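Note sheet for the following structure.
Residue numbers begin at 1 in each chain, while the letters A, B, ... track the order of the sequences. The structure presented is a predicted model; accordingly, all values stated were derived computationally and were not measured.
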2 protein chains.
Amino acid sequence: MREFRGKLRILLIDDNADHLRGVKELITLESNYDVVGATTSANIGINLIKKYHPDIVLMDINMPEKDGLQAIQDIEKLNLNTRVIALSGYDDADLIFRAMKLGAKGYILKTMASAQLIYAIDEVAAGKIYLPSALSSRFFDYFQRSFKEESNSADAENLLTYLTAREEEVLDLLTQGNNYKGIAGKLFISETTVKTHVNNIFQKLQVNDRTQAVLYALNNGFANKRRAKLAV
Amino acid sequence: MREFRGKLRILLIDDNADHLRGVKELITLESNYDVVGATTSANIGINLIKKYHPDIVLMDINMPEKDGLQAIQDIEKLNLNTRVIALSGYDDADLIFRAMKLGAKGYILKTMASAQLIYAIDEVAAGKIYLPSALSSRFFDYFQRSFKEESNSADAENLLTYLTAREEEVLDLLTQGNNYKGIAGKLFISETTVKTHVNNIFQKLQVNDRTQAVLYALNNGFANKRRAKLAV
DNA sequence: CAATTTATCAATCCAAAGATGTACGCCAAT
DNA sequence: ATTGGCGTACATCTTTGGATTGATAAATTG
């Protein structure tokens with residue numbers, strides 16, 4: 001992935017000046033790394049990234065001024081080949097999850113040994129993901145929990161299962177914002193037939209109108225390929 | 001997590017009888033494992049799980065009869081302390097992602113060395129997640145890609161930003177399935193005022209009716225705490 | 001201060017949505 | 001052969017939704 005440039009070009013962003021200096025010295029000691037910048041400001045850091053296109057960014061995500069997570073997102077939107085490793089003092093599952101979600105390629109704790117940091121940089125530079133075993137477990141716990149609730153609510157008896165195939169077709173078109181005429185046109189049936197189906201759908205889903213039907217469908221795992229979301 | 005029982009109790013499910021036998025022999029060789037069952041049928045396997053409550057299930061997820069992924073989900077719904085490790089011939093990112101999502105605590109390839117399998121069992125039994133580095137990378141690639149599209153579409157100019165605070169309130173109530181009367185009642189304003197707001201919302205979101213407005217809101221990151229979903 | 005935006009309300013009109021009842025051909029299961 | 005579910009269709013009626021225009025007061029902003 002990374003083309004040969006001799007040295008890995010690294011940018012450091014950490015609002016703690018002491019820690020920033022420490023990491024910088026540590027990395028500079030490694031002969032094959034080149035620190036192209038080190039700043040305590042996320043905003044300045046992002047500008048430096050636009051300028052220098054570093055290979056790796058070490059980003060502290062616990063900063064007051066600008067949220068480090070937000071910064072990661074901004075960097076990802078630049079669509080460079082820059083890979084971000086999140087630096088944090090906390091092994092909080094939610095933090096890890098959000099950092100990875102926003103595109104971080106690694107997550108390491110400030111308390112970790114310096115050898116770990118070097119290893120992480122090498123791994124990420126090689127195109128891999130670096131997540132220490134303990135953090136990885138936290139991540140997956142969080143990840144799986146966020147779906148467990150979903151599948152639980154899903155089996156609280158899903159009224160969608162009572163729909164006939166045709167009704168599902170109609171509901172699918174409803175969830176795309178179609179009105180009666182639109183659905184009739186797409187299914188080559190009359191508008192009154194659509195009304196019949198829609199009314200049957202209302203009965204089965206125990207709702208009063210199309211908006212509620214659409215919401216029910218969306219909230220109960222109605223096959224909807226267009227959405228793939230998780231709360232931020 | 002796991003209480004002391006002397007030996008780890010393991011159940012094997014694999015529709016390939018040869019592979020099943022091979023794995024069984026391999027595991028039986030380990031002195032601290034106890035194979036409590038081995039079957040080529042997912043359905044029988046699930047019944048065995050209900051009966052024996054094994055510590056670990058090795059589940060082949062490429063089976064014709066019953067989808068292994070579905071089986072994982074079924075097992076998770078039992079809410080036992082049984083941990084499932086997915087066995088697969090493929091290192092397909094989507095497969096890995098779905099298996100983990102449904103609650104698998106590990107994922108290993110059939111081509112992997114037997115030592116790996118033993119190691120994975122021990123790790124998972126100890127409460128950890130086992131995902132070989134290569135598969136982990138695939139997982140995260142997939143994971144991050146599924147969010148990338150989202151954030152891209154989110155900044156394609158979000159018409160929601162044009163809404164006033166009041167309009168957002170109204171839209172929020174719309175996304176809960178309220179009609180005019182309901183909204184008017186909840187905001188202590190007249191129904192005609194609500195209509196005005198809703199009409200303004202339509203204009204700003206460039207949609208024709210409430211259903212489309214609700215869909216737009218949901219698909220464009222409208223703060224909606226109730227949904228936290230990913231496509232299956 | 002003047003201009004603009006926002007929130008509120010009203011009246012009207014037409015279109016769309018929803019409720020209800022009826023009906024008929026098809027097909028699968030009993 | 002009969003029953004029942006499904007898909008289709010229509011008519012009728014009521015309610016809700018949506019477009020348009022206009023108006024007023026408060027808040028915001030230049």
Practice problem: Take atom CG of B:L187 and atom C1' of C:dT6, then tell me their distance rounded to the nearest Å. | Solution: 15 Å
Exercise. Would you check if the distance from the ring center of B:F97 to the ring center of B:Y107 is below 6.0 Å?
Key: no
Quiz item: Regarding A:R210 and the six-membered ring of A:F202, is the cationic atom NZ or CZ under 6.0 Å from the ring centre and inside 45° of its axis?
Solution: no
Exercise. May I have the distance from B:E167 (atom CD) to C:dT5 (atom C1'), rounded to whole angstrom?
Key: 11 Å
Quiz item: B:H197 has an atom NE2; how far is it from atom P of D:dA19, in whole Å?
Solution: 16 Å
Self-check item: Nearest to side-chain heavy atoms of B:T193, which nucleotide of C:dT8, D:dG7, C:dA10
Solution: C:dT8
Quiz item: With a non-hydrogen cut-off below 4.0 angstrom, is A:T192 in contact with a base, only sugar-phosphate, or nothing?
Solution: base
Quiz item: Could you state the CD-C1' distance from A:E169 to D:dT8, rounded to the nearest angstrom?
Solution: 13 Å
Quiz item: Is it true that A:F139 and B:F140 have ring centroids separated by less than 6.0 Å?
Solution: yes
Exercise. Whole angstrom is fine here: how far is it from CZ in A:R166 over to P in C:dC27?
Key: 15 Å
Self-check item: Integer-rounded Å distance: D:dT16 P and B:L174 CG
Solution: 16 Å
Self-check item: B:K24 atom NZ, over 12 foreign heavy atoms within 6.0 Å
Solution: no
Self-check item: Any donor-acceptor N/O pair, A:Q144 side chain to B:A104 backbone, under 3.5 Å
Solution: yes
Exercise. Using a 4.0 Å cut-off on protein heavy atoms (strictly under), produce a 5'-to-3' string for nucleotides 14-25 of chain C with B for base contact, S for backbone-only sugar-phosphate contact, and - for none.
Key: ---BBB------
Quiz item: Nearest to the side chain of B:S190, which nucleotide is it out of D:dC6, C:dC9, C:dT6?
Solution: C:dC9
Exercise. May I ask you to say whether B:K77 pairs ionically with B:D74, meaning some side-chain N is under 4.0 Å from a carboxylate O?
Key: no
Quiz item: Using 4.0 Å as the upper bound for N to carboxylate O, is an ion pair formed by A:R98 and A:D94?
Solution: yes
Practice problem: Rounded to the nearest angstrom, tell me the gap between atom CD in B:Q212 and atom C1' in D:dG18. | Solution: 12 Å
Quiz item: To the nearest Å, how far apart are A:I183 CD1 and D:dT8 P?
Solution: 13 Å
